[in-house]
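Naming convention: chains lettered A, B, ... in sequence-line order (proteins, then strands); numbering from 1 in each chain.
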Amino acid sequence: MSAASPEKLLQVDNVSLSFGGVQALSEVSFDVHRHEILAIIGPNGAGKSSMLNVINGFYHPQRGSITYKGQTRKAMRPHLAARQGIARTFQNIALFKGMTALDNIMTGRNLKMKVGFLLQALHLGPARREEIEHRLHVERLIDFLEIEAIRKTPVGRLPYGMQKRVELCRALAMEPDLLLLDEPMAGMNVEEKEDMCRFILDVNDEFGTTIILIEHDMGVVMDISNRVVVLDYGCKIAEGTPDEVRANKQVIDAYLGVG
Amino acid sequence: MIYREAGNYKTTYAADQAIFTLQLDRVFMTMVMVLAFLVVPLWANEYWLQAVLIPFLIFSLAAIGLNLLTGYAGQLSLGTGGFMAVGAYSTYKLTTAFPDLNILLVFLLAGFFAALVGIVFGLPSLRIKGFYLAVATLAAQFFILWLFNKVGWFYNNNSSGNITAPPRELFGLVVTGAAAKAQVRYLLSLGILTLFALFAKNIVRGRIGRSWMAIRDMDIAAEIIGIRPLHTKLLAFALSSFYCGVAGAMSVFLWLGSAETEAFSIFISFQVLFMVIVGGLGSILGSILGAAFITLLPILLTNVPLLVGLRIPIDLQKHIEQIVFGGLIVFFLIVEPHGLARLWQIMKEKLRRWPFPY
């Protein structure tokens, strides 16, 4: 699919991260190509989520560097990452519970909204126009993810699968170049998983978004990802296409098991 | 015309984003406004205006201020009284130093001073949260009052230690001080409250309000979206203190006429916090309902025994009043922990479906 354009969007170089005595990541390096879906897999505690946290600047690694869009940094910062087009979803849904689905998604547009404080207080022309302009964009995404019916529902009242979808929608509202999905299908039934897979593929296809995905469902990973990185105890043990990874002896021992 | 949403089609996003989406809501609101601006000043006597309505309006403004900070941005504050004092004392200093300055402008400037002080005392909020932050803001409360008592410059070194509102005119009418008529002061307070409530509503339904609520609900996710916590929290502190400062200025200049720091004690901070909690966290309407509840209920309770012709000793009556008042607060919080605003919302939802059960 995207193998034709091996342009690097993100490059992780020898990243090491530790918390006190715990080595979460050691000397991990991999590249992410523009427009691909890269899956990170590995047993629990392998450092997958920590890797995402490093990429969007929530954790600052002790060693190594991150090159994003050609700029090399020792560490990202969350604000900077957001500004440069990195969005993410969380393993245990991090929606704003007291707000409606629509408000949650509109919050994703925050960085794109520019109208100043006074105009907002007065709700004059530009403020009103901006609000509607962004609402239009958000409504297109709501339509895309098929959550029209729940847009005015407080997210706390929504079922789990829907919350996951709203969270994806909020991330998409940022118009990201790189989307980090932390277990987007955890705890879903087969039908919901199929829906989510379809959305992920569509996002990748229609918006050209590069996606890094953490997932435990091997069927899903093998089906939708272009490449797979395997972590175990904070070290990268394999990288390659799904088929290569599936055949790798080390990966079978550490994670996949003999099926 | 029945109060319901069915058949009420919105065809533009502008219509969907209006404050009042239902026509009946708009009609009702217009009626309330007409009543408040035209009928009340004609009908109400000096006692009602001075003892009931003006304090209610002023505390509504302070409650909106605190609600922006605590209800929307999730930062607990016990410094409301202190920030109100900053507003009151800056108004006094400004208007005695520049007597020709328009009094409304002075109120705004006083609000800005309060906002600056709010930002300073909001700085710890980046590191500490919840009850610990409340204790930090308590420091603001005590420090500010101590400063205003200690340094004579703040009350122009007068012998009483009080600040007294000098008479100031607006459109040819005396609006502050002892010479001002209660009707005039009521209308000015109402005007200020109406405008500021509208501003607050516009802020909370736009980008800034959403970033506040995002910080309140899930600060990590907010940061990932690109919301800067310090920036957002300090803006909440600034705006909240601005509102409280203006309310403080009004309470001396449009209500009490003269005050010392005692008028802005910790008791006031708690009272405003109760208004916000009883009224509903994260609701502008709730702030006003809460202020009404806390300021009007004691007066109602005082008058009930008289109305039914019951003669009881005044001290006993005062105690009964306090017991009933406390009991009612507990009752309301048990019935609806999200406050009066939520009750109002539930009532509207029920009304929409009436007479059908679902």
Side-chain angles (χ1 to χ4, degrees), chain A residues 53 56-58 77-90 93-99 102-124 127-136 138-139 151-152 155-156 167 170-171 173-174 180, chain B residues 5 10 12-19 21 68 71-74 108 115 195-232 235-236 238-239 242-243 280-283 338 342 345 349:
Chain A
N53 282 334
N56 70 8
F58 216 70
R77 307 248 159 219
H79 180 73
L80 191 75
R83 194 152 283 239
Q84 299 227 346
I86 302 181
R88 84 172 276 187
T89 67
F90 291 80
I93 306 177
L95 284 169
F96 308 126
K97 291 272 182 319
M99 298 158 75
L102 180 65
D103 276 340
N104 265 278
I105 301 163
M106 285 291 280
T107 312
R109 304 290 300 170
N110 241 13
L111 273 182
K112 312 258 175 213
M113 297 177 83
K114 297 282 178 264
V115 167
F117 173 77
L118 266 181
L119 278 173
Q120 267 189 66
L122 301 171
H123 205 65
L124 282 179
R128 198 184 292 243
R129 269 199 301 280
E130 182 179 56
E131 191 84 7
I132 290 170
E133 197 180 293
H134 287 280
R135 175 79 189 271
L136 271 173
V138 163
E139 286 290 342
R151 60 160 87 80
K152 290 279 174 81
V155 289
E167 203 189 10
R170 185 181 68 188
M174 294 168 69
L180 315 175
Chain B
E5 236 159 52
K10 287 159 272 186
T12 61
Y13 291 129
D16 192 40
Q17 285 167 351
I19 298 178
T21 48
L68 293 179
Y72 285 95
L108 287 182
L195 278 182
F196 276 96
L198 186 64
F199 293 162
K201 184 70 194 171
N202 285 338
I203 288 288
V204 298
R205 68 192 172 130
R207 169 175 66 90
I208 294 171
R210 282 193 294 267
S211 62
W212 284 346
M213 290 187 274
I215 288 281
R216 172 194 70 189
D217 285 349
M218 185 69 73
D219 50 358
I220 293 173
E223 219 178 322
I224 298 294
I225 284 179
I227 295 168
R228 278 173 295 187
L230 182 65
H231 211 253
T232 312
L235 183 62
L239 200 64
F242 181 90
Y243 273 63
L281 288 162
S283 162
H338 297 292
R342 182 83 187 111
Q345 210 182 335
E349 273 172 27

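- Each of A/N110, A/L136, A/I132 has some count of heavy-atom pairs under 4.5 Å with chain B, and the biggest count is that of A/N110.
- Taking B/M218, B/M213, B/R207, B/R216 one by one and counting their heavy-atom pairs under 4.5 Å with chain A, the maximum is reached by B/R207.
- Listed for the A/Q120 side chain is no donor-acceptor partner under 3.5 Å among the backbone atoms of A/A127.
- A cation-pi contact, defined as under 6.0 Å to the ring centre and within 45° of the axis, links A/R170 to A/F96.
- Residues forming a ring-ring contact (aromatic ring centres under 6.0 Å, His included) with B/F242 (at least two apart in sequence, or on another chain): B/F112, B/F196.
- Both the backbone and the side chain of B/A222 come within contact range of chain A, with heavy atoms under 4.5 Å apart.
- Every residue two or more places apart in sequence or in another chain that forms a side-chain contact (heavy atoms from CB on, under 4.5 Å) with A/D103 is listed here: A/M99, A/T100, B/R210.
- For chain B, the option among A/R135, A/R77, A/E130 with the highest count of heavy-atom pairs below 4.5 Å is A/R135.
- For A/R109, no part lies under 4.5 angstrom from a heavy atom of chain B.
- A donor-acceptor contact shorter than 3.5 Å is absent between the side chain of B/Y13 and the backbone of A/E139.
- Heavy-atom distances place the backbone of A/I93, and not its side chain, under 4.5 Å from chain B.
- For B/N202 and A/R128, the side-chain atoms include no donor-acceptor pair closer than 3.5 Å.
- Of the listed residues (B/I227, B/D217, B/I203), the greatest number of heavy-atom pairs within a distance under 4.5 Å of chain A belongs to B/D217.
- Heavy-atom distances place the side chain of B/L239, and not its backbone, under 4.5 Å from chain A.
- Taking the side chain as every heavy atom from C-beta outward, B/E223 and B/T232 never approach each other to under 4.5 Å.
- With a 4.5 angstrom heavy-atom cutoff, B/R205 touches chain A via backbone and side-chain atoms both.
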